[in-house]
Every structure is written in structure tokens, then in C-alpha cells.
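One structure below.
So that the names make sense, note that chain A is the first sequence line, chain B the second, and so on, each numbered from 1. For the numbers below, each heavy atom of this structure counts, side chains included, while hydrogens, waters and symmetry mates do not.
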Number of protein chains: 2
Amino acid sequence: MAVEAQAGKTDTRARLVEAARGLFLKQGYAATGIAQILKEADARSGSLYYFFPTKEDLLLAVLEQYKELLWPLVIQPVFDRVSDPMERIFGVLDGYRRMLLMTECAQGCPIGNLALEVAESHPAARTLIAENFDGWKQAIEQCLDDLDGRLPADVDRKSLASFVLTVMEGGIMQARAYRDSAPFEQGVAQLRDYFDRILDDGSNWSKG
Amino acid sequence: MAVEAQAGKTDTRARLVEAARGLFLKQGYAATGIAQILKEADARSGSLYYFFPTKEDLLLAVLEQYKELLWPLVIQPVFDRVSDPMERIFGVLDGYRRMLLMTECAQGCPIGNLALEVAESHPAARTLIAENFDGWKQAIEQCLDDLDGRLPADVDRKSLASFVLTVMEGGIMQARAYRDSAPFEQGVAQLRDYFDRILDDGSNWSKG
DNA sequence: GACCCTCTTGATCGGTCGCTCAACACAGGG
DNA sequence: CCCTGTGTTGAGCGACCGATCAAGAGGGTC
């Protein structure tokens with residue numbers, strides 16, 4: 001019994017979203033033409049506009065897919081490999097470092113790119129971008145909660161999770177501007193230093 | 001004696017750069033058409049292409065102007081108002097917060113926007129973006145140097161200045177994605193907390 | 001006045017943009 | 001066999017893209 005078609009009737013829609021996702025990531029939204037997406041997906045314009053009334057709807061589908069891929073592709077693999085909550089946070093960050101290295105700092109966070117490019121002009125996309133950030137921060141927040149007593153009670157976990165995202169996105173931006181992963185890595189190191197200073201480890205450190 | 005022309009012979013070039021600067025900031029580089037720039041600058045296409053062989057050359061001129069405007073517009077006003085090196089750093093950051101508030105979080109850091117949009121596809125622009133970041137970080141680094149003894153000797157000032165930029169850019173990105181300045185403000189607050197923990201103030205704090 | 005140089009004008013180029021639509025393929029159900 | 005519903009095809013739309021260029025305006029100099 002051969003594996004035949006999936007649940008859906010056609011995979012054209014999926015191919016279009018996949019192609020658009022890759023091209024938006026590499027080139028940005030405005031710089032990517034419909035024709036290029038069609039070529040990459042091996043589809044014809046009529047098919048695209050059958051599934052997506054406008055180019056923006058395709059963008060929304062891409063952002064929806066990012067939401068769906070966040071846990072299975074970004075979070076879960078790290079959580080499976082690492083159990084310590086603190087190391088899970090830095091494991092996720094290390095995943096982005098590896099992407100930077102693999103692409104020679106050409107590609108960064110797809111959500112971050114789109115956040116700055118389309119947030120203002122495409123309100124619906126902006127909402128989905130915010131939801132992507134929310135999902136990411138919730139994963140970090142869960143790690144912070146799992147730290148239990150190690151994190152002082154007066155620390156605002158949501159705010160700290162937001163800070164982790166801030167450092168990641170800012171670090172990636174610099175890495176891309178300099179084509180060098182060092183600014184990202186330094187930022188992560190400073191973030192770890194900050195965590196070390198916050199954490200109640202039951203230990204007093206004396207430096208030097 | 002009326003004030004007549006400036007040193008240069010014409011201001012058309014300056015008007016074009018100014019118009020392009022504003023539009024690239026609001027809409028991004030790819031999303032801004034030449035025709036729109038011409039309309040905004042009240043110029044004709046021949047004039048533009050007399051000064052700038054291509055659209056990318058206009059982008060480079062915009063980035064050069066940002067380099068020139070950094071100190072007089074962003075750094076110096078804060079340094080004139082504030083003398084304490086630490087407060088100078090957070091004074092600069094507060095300038096960006098005010099921009100976010102004024103624009104309802106629609107506009108962020110012009111360099112950051114372009115960094116993510118054109119860094120990969122326009123190498124010459126990427127270099128100028130990096131130079132803009134360098135200039136910004138040098139201002140912060142100067143503040144760190146001016147802290148003298150308050151900063152432990154083993155702290156890497158370049159790395160810390162880079163971290164300030166990272167937090168700023170990451171914070172602005174989230175502010176724009178959420179159309180809310182809170183993530184930026186929280187990030188800056190965490191950064192201040194980090195500084196407080198790093199600084200040798202000659203004081204021991206016991207919390208609570 | 002003749003000449004040059006800087007800068008401006010605006011029609012126009014070929015190409016690409018996002019998008020439309022009538023026609024058609026094809027499987028499932030009656 | 002026909003009908004319907006779900007996709008697919010590809011020619012082609014008007015608009016706009018970035019860019020070109022011959023012509024000329026206007027000031028400075030001799």
C-alpha cells in the first residue's frame with residue numbers, strides 16, 4: 001500500500017505558503033514578487049489567487065504557519081534535549097545562533113524581519129506578528145516559572161521573558177548588520193550574566 | 001540683504017535625500033517608489049538621476065545623512081542636558097521612547113528598519129548601516145568610559161555598549177509589533193537594573 | 001554675444017507589478 | 001451521462017516600476 005495523498009485534496013496551497021515563506025525570509029515581503037513565488041512553488045497565478053485573494057492574504061497564511069511551526073520546530077526540540085529550565089532558554093537562543101552561523105548571518109528571525117517591514121502598513125499582519133511573539137515569550141515564561149524558587153518572587157516573569165526576546169531580536173539585527181554572529185553571542189552572554197545576578201541560587205559569589 | 005542661497009548651488013539634492021529619508025522610514029525602501037519621492041521633494045526624475053545614478057545610491061546618501069545627523073540630532077542634545085554618564089545613556093534611550101510615543105509606535109529606529117530590510121541584498125548599504133551602529137555605540141561607550149571607577153575594570157565596555165544597542169533595537173521592534181511602548185520601557189528598565197547590579201557604587205544593597 | 005557648465009524638464013522606455021477571468025480538467029454523486 | 005464542486009490553466013489587464021535621454025534653462029566667464 002503506497003502512501004498516497006494527504007488528508008487535503010491538493011498540496012498546491014501548501015507549496016505556495018512554503019515558497020512564500022522562504023522568499024519573504026530571504027528578500028522581504030515587498031521585494032518578493034508574485035511571479036517569483038509562483039516559480040518557486042511551480043504553480044500558476046490562477047491557483048494562487050484561488051486560495052489567496054491578495055498577496056497580503058498569503059502573508060497572513062505564512063504568519064499563521066510560523067505560529068504553528070513555533071513549538072514543533074523551535075521550542076520542542078530544545079525542550080526534548082534539555083531539561084533544566086534555564087538551559088532551555090539559552091538552548092532556544094542557541095538555535096538562533098546556529099541559524100545565523102549556517103546562513104552566514106544573512107537570515108535572521110523571520111518574524112522580526114516582517115515586524116519592522118509590514119507592521120505599520122498591514123494591520124492584520126501586525127496582529128499575527130504580535131501573536132508569534134506572544135507564543136515565543138510564553139515558552140520562555142514557562143521556563144521561568146519552572147525555575148521555581150531560584151527566581152526571586154518579586155521578578156516579573158512576563159517582563160523578563162519579553163527581555164529575552166528583546167535581546168534575541170536586537171542581537172540578530174546587529175549580527176546581520178555586521179555579518180558577524182559576535183554581537184548576538186555577546187548579547188546572549190550578557191543576558192546570562194544578568195540571569196546569574198538575578199537568580200537566588202542559594203550561593204554567594206565573590207568575584208575575581 | 002535677504003538670505004539667499006546656501007553654500008551649494010541648489011537644494012534639490014538635499015530635498016530629494018530628505019524626502020527619501022522620510023519615506024524610507026515610514027514605508028521601507030522597497031515599498032517606496034521613485035515617483036513618490038519625486039512628488040514629496042517636488043522634483044522631476046531627471047534631477048534625481050542627475051544626482052543619483054540609481055535608487056540604491058539615493059539610499060546610500062540617506063544613510064550617509066543619518067551618520068551626519070547622529071551627533072547633532074540624537075546625542076548632543078542629550079549630552080547638553082545631562083552630565084552624568086549613566087543618565088546620558090538612558091537619556092539617549094529616552095529619546096527613542098519619545099519618538100515611539102509621538103508616532104504611536106509606528107516609527108522606530110530608521111537604521112534598524114533598513115538593517116533588516118536591505119542588509120542582505122545591498123552590501124554597500126549594509127556597510128553604512130554598520131557604521132551608523134558603530135557611531136551610536138561609540139557615544140554609549142564614551143559614557144561608559146566616563147563612568148570611570150564606577151564600572152568594574154573587567155567589564156568589556158564595547159560589549160556593554162553593544163548590549164545597550166541590542167536592547168534598544170529589540171525593544172523598539174516589540175513596541176512596533178504590539179503598538180505599545182511598554183515592551184521598550186520594560187526592556188530599558190531591565191537594562192537599568194542590570195547596570196545597577198554591575199556598577200561598583202561603593203554601596204552594598206540588601207534587598208526588600 | 002558665445003561658450004561652458006550645472007542643473008532641470010518631461011516624455012518615454014521596457015519590464016514587472018499584483019491581479020482577473022473565461023475556459024477547462026477531473027473526481028464523486030445522482 | 002450529466003451535474004456539481006474543487007481546483008488549474010495561462011493569456012492578458014492597467015498600473016506602476018526604476019531608469020533614460022534629448023533638449024533646454026540659467027548663471028558665470030571671457
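Both the sub-6.0 Å distance and the 45° axial angle are not jointly satisfied by B/Arg97 relative to the ring of B/Phe184. In this structure, A/Lys55 forms a cation-pi arrangement with A/Tyr29, its terminal cationic atom sitting closer than 6.0 Å to the ring centre and no more than 45° off the ring axis.
For the 3.5 Å distance criterion, the side chains of B/Lys137 and A/Gln174 qualify, holding a donor opposite an acceptor. For the residue pair B/Ser181/B/Glu185, the side-chain donor-acceptor check at 3.5 Å is satisfied. For the residue pair B/Asp134 and A/Tyr178, a side-chain donor N or O sits within less than 3.5 Å of a side-chain acceptor on the partner. Inspection of the A/Gln190 and B/Tyr194 side chains reveals an N or O donor paired with an N or O acceptor under 3.5 Å.
Atom CZ of B/Arg44 is separated from atom C1' of D/dG24 by 15 Å (rounded to the nearest Å).
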Anything under 3.5 Å between a protein N or O and an N or O of nucleotides 16-18 of chain D, put it in a table, one pair a line.
from   : atom 1 : to      : atom 2 : distance (Å)
D/dG18 : OP1    : B/Thr32 : O      : 3.3
D/dG18 : OP1    : B/Lys55 : NZ     : 2.9
D/dG18 : OP2    : B/Ile34 : N      : 2.5

Just the table, please: protein N/O against nucleotides 11-15 of chain D N/O, every pair under 3.5 Å.
from   : atom 1 : to      : atom 2 : distance (Å)
D/dA11 : N6     : A/Ser45 : OG     : 3.2

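A salt bridge does not link B/Glu120 with A/Lys26: none of the charged nitrogens is closer than 4.0 Å to a carboxylate oxygen. For the pair A/Asp42 and A/Arg15, the salt-bridge criterion is not met [side-chain N within less than 4.0 Å of a carboxylate O].
For C/dC7, the OP1/OP2 oxygens have a side-chain nitrogen or oxygen of B/Tyr50 closer than 4.0 Å.
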